[in-house]
Protein chains: 2
Amino acid sequence: MVIARSALGKLRGKYDSLSTTEKRIAQLALNSPSTVSEMTIRELASAAGASTASISRFVKRLGYANYREFTMELAHVVVVDAQEGAKLFKELGEGDSLGVIANKVFHSSMASLEATNDALSENDIARAVLKLINAGTVNFFGLGGSSIAALDGYHKFVRTSLNVAYHPDYDIQLMQAAKLTADDCAVVISHSGKNYETIQIVKELKANHVPIIGITSYSGSPLARAATVTLLSLTDEIKYRSEGMYSLISQIAILDSLFMMTVLRSSSRTQPVLMHVRDVIERTREEP
Amino acid sequence: MVIARSALGKLRGKYDSLSTTEKRIAQLALNSPSTVSEMTIRELASAAGASTASISRFVKRLGYANYREFTMELAHVVVVDAQEGAKLFKELGEGDSLGVIANKVFHSSMASLEATNDALSENDIARAVLKLINAGTVNFFGLGGSSIAALDGYHKFVRTSLNVAYHPDYDIQLMQAAKLTADDCAVVISHSGKNYETIQIVKELKANHVPIIGITSYSGSPLARAATVTLLSLTDEIKYRSEGMYSLISQIAILDSLFMMTVLRSSSRTQPVLMHVRDVIERTREEP
DNA sequence: TTATTATATGTAAAAAAGTTTCACTTTTCA
DNA sequence: TGAAAAGTGAAACTTTTTTACATATAATAA
């Protein structure tokens with residue numbers, strides 16, 4: 001199989017065998033492929049001081065079927081080049097355009113999702129799902145920035161057959177926690193995992209032996225230690241001013257996953273999945 | 001530097017506002033950009049069951065000067081895609097394990113972010129940021145599922161020097177809308193862009209000439225048409241039961257971007273960015 | 001509902017782009 | 001030196017693309 005030579009390669013390769021006029025044309029294409037790729041045959045002809053006929057013959061001699069094919073390949077060259085150069089934007093530079101800022105934000109989010117996904121263990125997920133679908137009531141807890149994720153969890157799960165509860169107010173969350181039992185399930189969300197009020201809630205839950213699904217970014221945090229199952233919402237390593245920003249998206253994606261799995265449970269066709277959940281749990285009784 | 005929206009981004013961004021015939025054309029281009037990039041206008045017309053005239057108008061509507069420019073950009077996409085490598089996730093199979101389900105959810109989210117990022121135009125972002133930083137008060141509106149994104153917007157922007165407001169209650173949102181003026185700014189979030197209550201709010205805002213930043217997934221929706229600036233939160237094409245699920249993450253990422261840009265404004269070191277915002281706007285006065 | 005207006009779409013003519021023919025010039029080499 | 005070969009541009013010709021126009025269809029208002 002013959003490797004596809006780039007347009008510039010062909011140009012350089014045949015350069016010596018070209019006539020004077022054709023060399024002029026080739027020169028133009030080699031010097032500024034991007035410009036030439038956008039020219040019509042007439043424009044190129046006049047730029048090279050040649051006739052359109054010469055250009056037409058020129059591209060055929062290079063092996064292209066027609067002029068359009070030639071410009072197309074020139075354009076490819078341009079793209080590849082541009083990408084090589086653009087690779088490496090790490091940090092947000094001071095003079096960055098809005099487009100670059102947007103790119104950076106989106107890619108940080110995507111990196112956070114990727115990291116979070118990588119860190120999830122099937123075993124933990126399975127245990128979490130089992131707790132959820134067997135719970136009398138499912139209760140979401142989250143304060144400050146994490147209240148958004150908690151609210152989202154409520155919004156999603158309220159569509160299922162589960163009994164769910166969430167209250168934005170801290171005092172009510174605390175009272176709610178006091179009412180739960182070992183038959184219920186609590187989903188506690190906290191980026192840092194050590195917010196004082198959140199920990200008060202966790203203590204209350206522990207006192208009542210309520211199963212806790214903790215969603216936090218720090219595996220060593222009080223929340224992570226106290227939780228029955230911990231799901232980590234990792235963030236992209238490059239931090240801006242507000243590091244909690246990208247963890248929200250990871251938190252939500254975790255909730256999405258739990259939601260999807262819970263929904264699938266009710267579908268009879270996906271009963272096998274549920275069986276599999278139990279299997280996974282049986283198979284791994286050791287625990288962290 | 002103006003961000004180059006990819007051809008696919010443009011296609012996805014405008015897709016919803018296209019006519020039936022044009023959707024057919026767009027579909028072809030989205031499905032096999034490489035093939036289409038090599039077609040003449042006639043071939044594409046017959047492949048799409050349309051006239052050459054329609055194709056010509058179609059590419060102009062997308063913002064290209066002529067058909068050749070369009071095929072050229074499609075060819076670019078091909079190169080970029082080929083380099084990305086294969087993305088092999090398809091649908092969720094019935095017997096999929098929990099780990100696979102999680103993978104799928106996360107990758108759908110990432111794909112949604114990618115599509116959303118692709119479809120954002122720097123021009124639109126710039127206009128949105130300018131509206132925000134010059135507004136007397138910034139007001140978030142969102143009902144149902146989108147209330148979460150609205151709340152998130154409030155949470156983020158409340159840390160800035162801007163005056164922000166958000167109320168979860170519909171009636172209060174409506175009253176709040178009635179109080180705003182042309183000096184304020186409204187951020188209206190709605191996945192479908194056509195929720196009845198949301199549109200009532202939009203009408204109220206329009207009556208008062210309040211600038212509207214619309215965040216929705218459908219470029220042809222009433223919200224998108226009414227908004228001063230529309231930012232599209234695209235979702236991965238593969239839909240599950242609840243398609244709004246992945247748009248939340250895109251919505252949040254858009255808000256993150258706006259937030260970052262707004263924050264950067266207050267840093268004196270990044271004043272150039274702001275200048276650039278104005279530049280971008282000056283430079284691009286046409287367009288919808 | 002019907003009239004009216006806007007939107008979509010294809011046909012066909014015009015314009016633009018690209019290719020080929022042909023006559024003329026220059027170069028090559030016996 | 002002079003025939004054959006190669007190079008070139010003008011113009012005829014073909015193909016491709018755009019635009020103008022007419023018609024159909026959908027949306028909107030009375």
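Residue numbers start from 1 in every chain, and the chains themselves are labelled A, B, ... in the order their sequence lines are given, proteins ahead of strands.
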Minimum-distance nucleotide (side-chain atoms of [X] versus [options]):
X: B:Arg42; options: D:dT18, C:dT9, D:dT17; value: D:dT17
X: B:Thr40; options: D:dT17, C:dT20, D:dT18; value: D:dT17
X: A:Ile41; options: C:dG18, C:dG10, D:dT8; value: C:dG18
X: B:Ala53; options: C:dA12, D:dT17, D:dG9; value: C:dA12

What is the separation between atom [atom1] on [X] and atom [atom2] on [N], rounded to the nearest whole Å?
X: A:Glu22; N: D:dG9; atom1: CD; atom2: C1'; value: 13 Å
X: A:Tyr67; N: D:dT17; atom1: OH; atom2: C1'; value: 16 Å
X: A:Ile55; N: D:dG7; atom1: CD1; atom2: C1'; value: 14 Å
X: A:Tyr64; N: C:dT19; atom1: OH; atom2: C1'; value: 18 Å
X: B:Leu18; N: D:dA26; atom1: CG; atom2: P; value: 18 Å
X: B:Arg24; N: C:dA8; atom1: CZ; atom2: C1'; value: 12 Å
X: B:Arg57; N: D:dT18; atom1: CZ; atom2: P; value: 12 Å
X: A:Lys23; N: D:dT8; atom1: NZ; atom2: C1'; value: 16 Å

task = Identify whether any heavy atom of B:Thr52 sits under 4.0 Å from a base atom; if not, whether one sits that close to sugar-phosphate; answer base, sugar-phosphate or nothing.
result = base
message = Applying a 4.0 Å non-hydrogen cut-off, can you work out what A:Arg68 is touching in the nucleic acid: base, sugar-phosphate, or nothing?
response =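 If one applies the 4.0 Å heavy-atom cut-off, A:Arg68 turns out to touch the sugar-phosphate alone, with no base involved.
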Do [X] and [Y] meet the criterion of a side-chain donor-acceptor pair at a distance under 3.5 Å?
X: B:Asp124; Y: B:Ser121; result: yes
X: B:Ser217; Y: B:His191; result: yes
X: B:Asn139; Y: B:Thr137; result: yes
X: B:Ser51; Y: B:Ser54; result: yes
X: B:Lys23; Y: B:Ser19; result: no

Phosphate OP1/OP2 of [N]: any [X] side-chain N/O under 4.0 Å:
X: A:Ser54; N: D:dG9; result: yes
X: B:Lys60; N: D:dT19; result: yes
X: A:Ser19; N: D:dT8; result: yes
X: A:Ser51; N: D:dA10; result: no

Side-chain donor/acceptor contact of A:Arg61 with base of D:dG7 under 3.5 Å =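 Answer is no: no donor-acceptor pair is held.
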